[in-house]
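The chain is numbered in sequence order, starting from 1. Bear in mind the structure is a predicted one, so any value in this text is a computation, not a measurement.
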Amino acid sequence: MKHIYQQGSDLTAPVLVLFHGTGGTEQDLLPLAQAISPTSSVLSVRGNVLENGMPRFFRRLSEGIFDEEDLIFRTKEVYDFLDAAAVEHGFDRCNVVAIGYSNGANIAGSLLFHYPDALRAAILHHPMVPRRGLQLPDLTNTPVFIGAGKNDPICSPEESEELERLLSDAGSDVHVHWENSGHQLTRSEVFAAAEWLKGISF
């Protein structure tokens, strides 16, 4: 997968894996990584799917309706890529924290839904529930931050609450940060994610 790797100044800090939103690239969330954990190494990934020329991490059938078969395939693709990237770039595969926005948050959430050891923690900005009717793996040691907008037209508050319940039921310690805004990523939400990550022991 097309990506950027930047080695950080603190090799014990979590490695941040960045997943952009629809139409983004591996460049988009680099400032976000700097704001959330400036000493971390960063692996920023570009989605392999194109929708009208816009990069995404998996196909959708329409707005809010995921192509589930493609989602499962692409989730494994990302999981395998992380394994290979850890070898290629020499980072600790067990110390990976995902930061995703919108479609990128959905692929990160899908990693949590399908693989017990995919991530050490996750910061999901405006995610949806990736799949329903699935038995989630044990996420007891995988804390999750969800950034949500009370007026988000794409990801409703009910969707955020449902995702929180599903992750919590799987054992994850979930923190939901609410903004009085829509689907956009706000500075205060990023600050809240940074503060949350500081409280996680690695």
On a heavy-atom basis, which atom in Leu112 and which in Ala122 lie closest, and how many Å separate them? CD1-CB, 4.0 Å
Approximate separation, where rounding is to 0.5 Å, of Leu185 CG and Ser102 OG: 10.0 Å
Taking all heavy atoms of Ser37 and all of Leu16, pick out the closest pair and write down the distance. CB-CD1, 3.8 Å
If we only count heavy atoms from C-beta on, is the Pro157 to Trp178 side-chain gap below 4.5 Å? yes
Could you tell me whether a side-chain N or O of Asn95 sits under 3.5 Å from a main-chain N or O of Ala13, the two making a donor and an acceptor? yes
Shortest non-hydrogen separation from Leu119 to Ala108 and the atoms involved: CD1-O, 3.9 Å
Close side-chain approach of Ser44 and Val17, heavy atoms under 4.5 Å: no
Can you see which heavy atom on His114 is nearest to which on Ser110, and at what distance? ND1-O, 2.8 Å
Under 3.5 Å, is there a donor-acceptor pair between the side chain of Arg74 and the main chain of Val49? no
Value rounded to 0.5 Å, distance of CD in Glu77 from CG in Asp70: 8.5 Å
Which atoms form the tightest heavy-atom contact between Ser181 and Gln184, and what is the distance? CB-NE2, 3.6 Å
State, without any angle test, whether His20 and Arg56 hold a side-chain donor-acceptor pair at a distance under 3.5 Å. no
Show your working on side chain to side chain contact (heavy atoms under 4.5 Å, CB included) between Leu167 and Leu139 and close with a plain yes or no. CA-CA 7 Å; Leu167 293 170; Leu139 298 175; 3.8 Å; yes
May I have the step-by-step check of side chain to side chain contact (heavy atoms under 4.5 Å, CB included) for Ile107 and Phe58, ending in yes or no? CA-CA 8 Å; Ile107 195 71; Phe58 58 89; 4.0 Å; yes
Glu51-Thr22 side chain donor-acceptor pair, cut-off 3.5 Å: no
Any side-chain heavy atom of Glu88 sitting closer than 4.5 Å to one from His3? yes
Is there side-chain contact between Ser40 and Val15, with at least one heavy-atom pair below 4.5 Å? no
Going hydrophobic residue to hydrophobic residue with side-chain gaps under 4.5 angstrom, can you get from Leu111 over to Val42? no
With a 4.5 Å heavy-atom cut-off, do Val174 and Pro143 have their side chains touching? no
When rounded to the nearest 0.5 angstrom, what is the spacing between CE in Met128 and CZ in Arg60? 9.5 Å
Nearest 0.5 Å, please: how far is SG in Cys155 from CD in Glu162? 10.0 Å
Candidate pair Ile4 and Gln27, rule side chain to side chain contact (heavy atoms under 4.5 Å, CB included), full reasoning: CA-CA 8 Å; Ile4 294 170; Gln27 300 282 347; 3.3 Å; yes
Using 4.0 Å as the upper bound for N to carboxylate O, is an ion pair formed by Arg165 and Asp169? no
May I ask you to decide if Phe57's main-chain N or O and Asn103's side chain share a donor-acceptor pair within less than 3.5 Å? yes
Would Val78 and Phe91 show up in the same hydrophobic cluster when neighbours are defined by side-chain heavy atoms closer than 4.5 Å? yes
Rounded distance (nearest 0.5 Å) linking atom CG of Asn48 with atom CZ of Phe73: 9.0 Å
Under 4.5 Å between side-chain heavy atoms, hopping through other hydrophobics if needed: is there a path connecting Ile99 to Tyr5? no
Kindly indicate whether the side chain of Ile154, heavy atoms from C-beta on, has any atom under 4.5 Å from the side chain of His126. no
Spell out, as yes or no, whether a donor-acceptor pair under 3.5 Å connects the side chain of Ser172 to the backbone of Ser168. no
Derivation and outcome, side chain to side chain contact (heavy atoms under 4.5 Å, CB included), residues Phe113 and Leu163: CA-CA 10 Å; Phe113 270 47; Leu163 180 59; 3.8 Å; yes
In one Ile/Leu/Val/Met/Phe/Trp/Tyr side-chain cluster, 4.5 Å: Leu197, Ile146: no
Between Leu71 and Thr75, what is the shortest heavy-atom contact and its length? O-OG1, 2.6 Å
How long is the gap from CD on Glu68 to CG on Leu61, to the nearest 0.5 Å? 9.5 Å
Strictly by modelled atom types, are Gln7 and His89 linked by a side-chain donor-acceptor pair under 3.5 Å? no
Phe191 vs Ile36 side-chain heavy atoms within contact, under 4.5 Å: no
Pair Glu159 + Arg132: basic N to acidic O under 4.0 Å: yes
Establish, from distance only, whether the side-chain atoms of His183 and His125 form a donor-acceptor pair under 3.5 Å. no
Could you check whether any side-chain heavy atom of Glu26 comes within less than 4.5 Å of a side-chain heavy atom of Val45, counting everything from C-beta outward? no
Listed partners of His175 passing side chain to side chain contact (heavy atoms under 4.5 Å, CB included), at least two apart: Phe145, His177, Trp196
Return yes if a side-chain donor-acceptor contact under 3.5 Å exists between Asn106 and Tyr101, otherwise no. no
Geometric cation-pi criterion, Arg93 with Tyr79: 6.0 Å, 45°: yes
Just by distance, no angles: are the side chains of Thr186 and Glu179 close enough, under 3.5 Å, to form a donor-acceptor pair? yes
Among the clusters formed by ILVMFWY side chains lying less than 4.5 Å apart, do Leu166 and Phe66 turn up in the same one? yes
